[in-house]
Amino acid sequence: MSLNIKLVRVDPRLLHATVVINWGSFLNANYAVLVDSKYEKNPFIEKVMSLYLPPEFSVRIFDVDGFIEFLNEKSEDMRNAMIIFKDFTTAREAFDKGFYVKELQLSYPASRVMLKDLSKYYSKDEIEEIEKIKSKNIKLYFQTSPFDSKDYSLF
Amino acid sequence: MKCLSEINEAHDILIKIFNEFIDVINEQPVYTIGLIGLDDIIIKSSKEMYVGKNKNIIKRNEYNTIQDIIINNEKLGELWVKGDSNIVWISNLILDSLVTRLLYELYEQSLIQNITKDHELIKLLLDSKNFDSEKVMELSRELNVNMDLARAAILIVNEKGFESKEIPRLKLKEDSKQIIYALLNKNNLLIFKDVPIKYPNYEVKEYLNNYIQNLKSWGISNSSFIIGSIQNKLIDYKYSYYECKWLKENKTIETDKIYYYSDFLLGTFMDKINYDCIFNHYKFYVIDNKNLDVEEFIYIARNYFVNNYNITKTAESMFMHKNTLIYKIKGYEELLGLDIRGKAEDKLIFMLIAASLKQYQLRKQVGELE
């Protein structure tokens, strides 16, 4: 069977209530792939992270290389996956190594009403990474829940 | 959370999922966790010896944390974590995962309650003897079902059985908010899908094909999809379902394919014809006639029909010379006294004779006839 990527998101908090409840159920996902080198190869943390979701939902943590290997992994089951990158640099590295999606979802760094200028909420390095990602023909947008519309306006 | 039953439900789920947390923590002996009830008694712990003890046995130092478990502004208990120098970080992670998981389970529970109501509505809609319009209206209103929309039945068959946990989430899909649906059993999922009535027939098919494609990419895989007629009134939805059921029971249904009852209408009608009267009428000319090749007769009639009674196309499809085909059909015309190449009525009779012969052969094969 294949990997069916349902959502690709950058979220420093990785798994949390907004992601799990809003997106897990809505997308009918059964796989959460967290890309964060900090927790990679820590089976205990991976297991605690797995507790965010019921047992039929798999949670895996990879660094970028492990993630790229995972993408090419053959599986018997249909993997409906949410992919969550810890930060822009991790996401950009994955794109550099061959991963591609049309769109990348971001969590709002502040209230959407207040959000006017990216430089107020992201560092210079982060904005540089955003530009590099955009240059790969990947659209970035803010969205909290499936019932909100995608906000592309600041990109 | 407002009422007591909701708090109790959350509490029951908390106790159930806490066992999963204990299993994970037990793999890392440096940590101990405990669930403390509102009465300060430890209800569950990764170390059995603490269960039933008052929380005042827990030392207040940098290796122990006790944090409130709060769901929707309601305190359900406390989480105790004992560990090493990472205690603050790890206890926050465990608390966050516990609260998130609890919220997730409660959300799934609410979805299941809704699908139970959908199931109840489907049962009422399929009741062929008594259509309880009052109850149907009441439930429809409760489920926010727009009763002015036209809908078509989609029967989804999965030989392995559906994942019962994913089905309640179906209504979360943007294009599924107005569906009425139920798992009839573990292999059959019935959806009454709303269809825009402004669409002409061919666009409806495109619309439903797209919907099914979305269902597949959402996660309903390895299934076959059978679609009945569009119905405008809730009382008539059952007819759309009966069509799907008929197709499922009478045709070979393959995985991942879409079947429209409307594509099988002729076959359905043909199945309902009493062939005995046709067969008996022509028996002398066809069965008792030793010179007639019955197999060839059926083959020619079927191809003639499929090719829209066009002699040239029929001959081509059978890899037969056109004149040979005309010669054979002329033979049938003389034998049966029919104008098979001319009169529409006789063309139909020709096809019905072939169908009756086919049925005769089948009955003979299974030993029904001598």
Side-chain angles (χ1 to χ4, degrees), chain A residues 1-7 11-32 34 36 38-39 42-59 61 75-82 84 86 102 143 145-150, chain B residues 13 16-31 33 71-72 81 83 86 89-112 163-174 176-177 214-222:
Chain A
M1 296 298 283
S2 57
L3 177 69
N4 188 6
I5 296 176
K6 299 273 190 160
L7 174 75
D11 196 323
R13 293 169 64 204
L14 297 172
L15 281 182
H16 53 92
T18 307
V19 172
V20 168
I21 297 159
N22 280 345
W23 294 102
S25 294
F26 181 81
L27 298 169
N28 193 33
N30 61 8
Y31 230 89
L34 314 178
D36 181 358
K38 188 177 159 194
Y39 300 132
N42 187 336
F44 177 64
I45 296 299
E46 191 171 71
K47 281 189 177 166
V48 175
M49 290 288 209
S50 298
L51 294 169
Y52 274 90
L53 289 150
E56 61 272 16
F57 212 117
S58 299
V59 177
I61 307 177
S75 158
E76 288 286 303
D77 314 312
M78 173 62 99
R79 292 171 171 176
N80 291 327
M82 301 190 291
I84 305 167
K86 172 81 177 169
K102 283 182 185 165
Q143 194 178 19
S145 85
F147 307 105
D148 302 327
S149 52
K150 294 178 178 180
Chain B
I13 295 173
K16 203 173 134 203
I17 60 174
F18 202 79
N19 289 329
E20 285 177 39
F21 282 69
I22 287 175
D23 289 343
V24 168
I25 297 300
N26 274 337
E27 290 178 23
Q28 202 74 9
V30 70
Y31 296 110
I33 57 166
I71 300 288
N72 301 335
V81 183
N86 283 325
W89 180 78
I90 201 81
S91 63
N92 284 340
L93 181 66
I94 295 172
L95 180 69
D96 193 40
S97 57
L98 184 65
V99 170
T100 303
R101 174 67 183 283
L102 195 50
L103 285 169
Y104 179 89
E105 296 290 347
L106 286 168
Y107 185 61
E108 292 281 305
Q109 200 71 32
S110 70
L111 293 177
I112 289 167
E163 292 275 342
S164 57
K165 278 215 163 185
E166 74 182 358
I167 299 307
R169 298 178 201 144
L170 196 52
K171 238 178 181 167
L172 295 175
K173 284 178 89 266
E174 196 56 39
S176 299
K177 295 201 183 308
N214 289 340
L215 282 180
K216 284 183 181 177
S217 55
W218 182 79
I220 296 193
S221 52
N222 298 321

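In this text, all values refer to a predicted model and were calculated from it rather than measured experimentally. Side chains are part of it too, since the values below use all heavy atoms of this structure and drop only hydrogens, waters and symmetry mates.
Counting only heavy atoms from C-beta outward, the side chains of B/Thr100 and A/Leu15 never approach each other to under 4.5 Å. Side-chain contact between B/Leu172 and A/Pro146 is absent, with no heavy-atom pair separated by less than 4.5 Å. Taking the side chain as every heavy atom from C-beta outward, B/Trp218 and A/Asn80 never approach each other to under 4.5 Å. Looking only at side-chain heavy atoms (C-beta outward), A/Pro54 and B/Arg101 come within less than 4.5 Å of each other.
Checked against side-chain contact (heavy atoms from CB on, under 4.5 Å), B/Gln28 has the following partners two or more places apart in sequence or in another chain: A/Phe44, B/Val30, B/Tyr31. Remark: A/Phe26 engages A/Phe147 in a ring-ring contact (aromatic ring centres under 6.0 Å, His included) (not counting sequence neighbours).
Interface summary for chain B: among A/Ile21, A/Leu27, A/Val48, A/Val19, the most heavy-atom pairs under 4.5 angstrom belong to A/Ile21. Comparing B/Leu93, B/Ile17, B/Leu98, B/Ile25 by how many heavy-atom pairs each has under 4.5 Å with chain A, the most go to B/Leu93.
For A/Asn28, the parts lying under 4.5 angstrom from a heavy atom of chain B are both the backbone and the side chain. If you measure heavy-atom distances from B/Glu20 to chain A, the contacts under 4.5 Å come from both the backbone and the side chain. B/Ile90 touches chain A through its side chain: at least one heavy atom from C-beta onward sits under 4.5 Å away, while N, CA, C and O do not. Of the atoms belonging to A/Ile45, it is side-chain heavy atoms, and not backbone ones, that fall under 4.5 Å from chain B.
Taken to the nearest 0.5 Å, the CG atom of A/Leu51 stands 9.0 Å off from the CG atom of B/Asp23. Rounding to the nearest 0.5 angstrom, the gap separating the CD1 atom in B/Ile94 from the OH atom in A/Tyr52 is 10.0 Å. To the nearest 0.5 Å, the span separating NE2 on A/His16 from CG on B/Leu103 amounts to 13.0 Å.
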Is there a side chain to side chain contact (heavy atoms under 4.5 Å, CB included) between B/Tyr107 and A/Asn22 once you walk through the steps?
CA-CA 10 Å; B/Tyr107 185 61; A/Asn22 280 345; over 6 Å; no
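More than 12 heavy-atom neighbours from other residues, nucleotides or ligands sit within 6.0 angstrom of NZ on A/Lys150. Enclosure of atom NZ in A/Lys47 is not indicated, since only 12 or fewer non-hydrogen atoms of other residues, nucleotides or ligands lie within 6.0 angstrom.
A/Ser25 and B/Glu108 make their closest contact through OG-OE2, 2.9 Å (heavy atoms, listed as atom of the first residue, atom of the second, distance).
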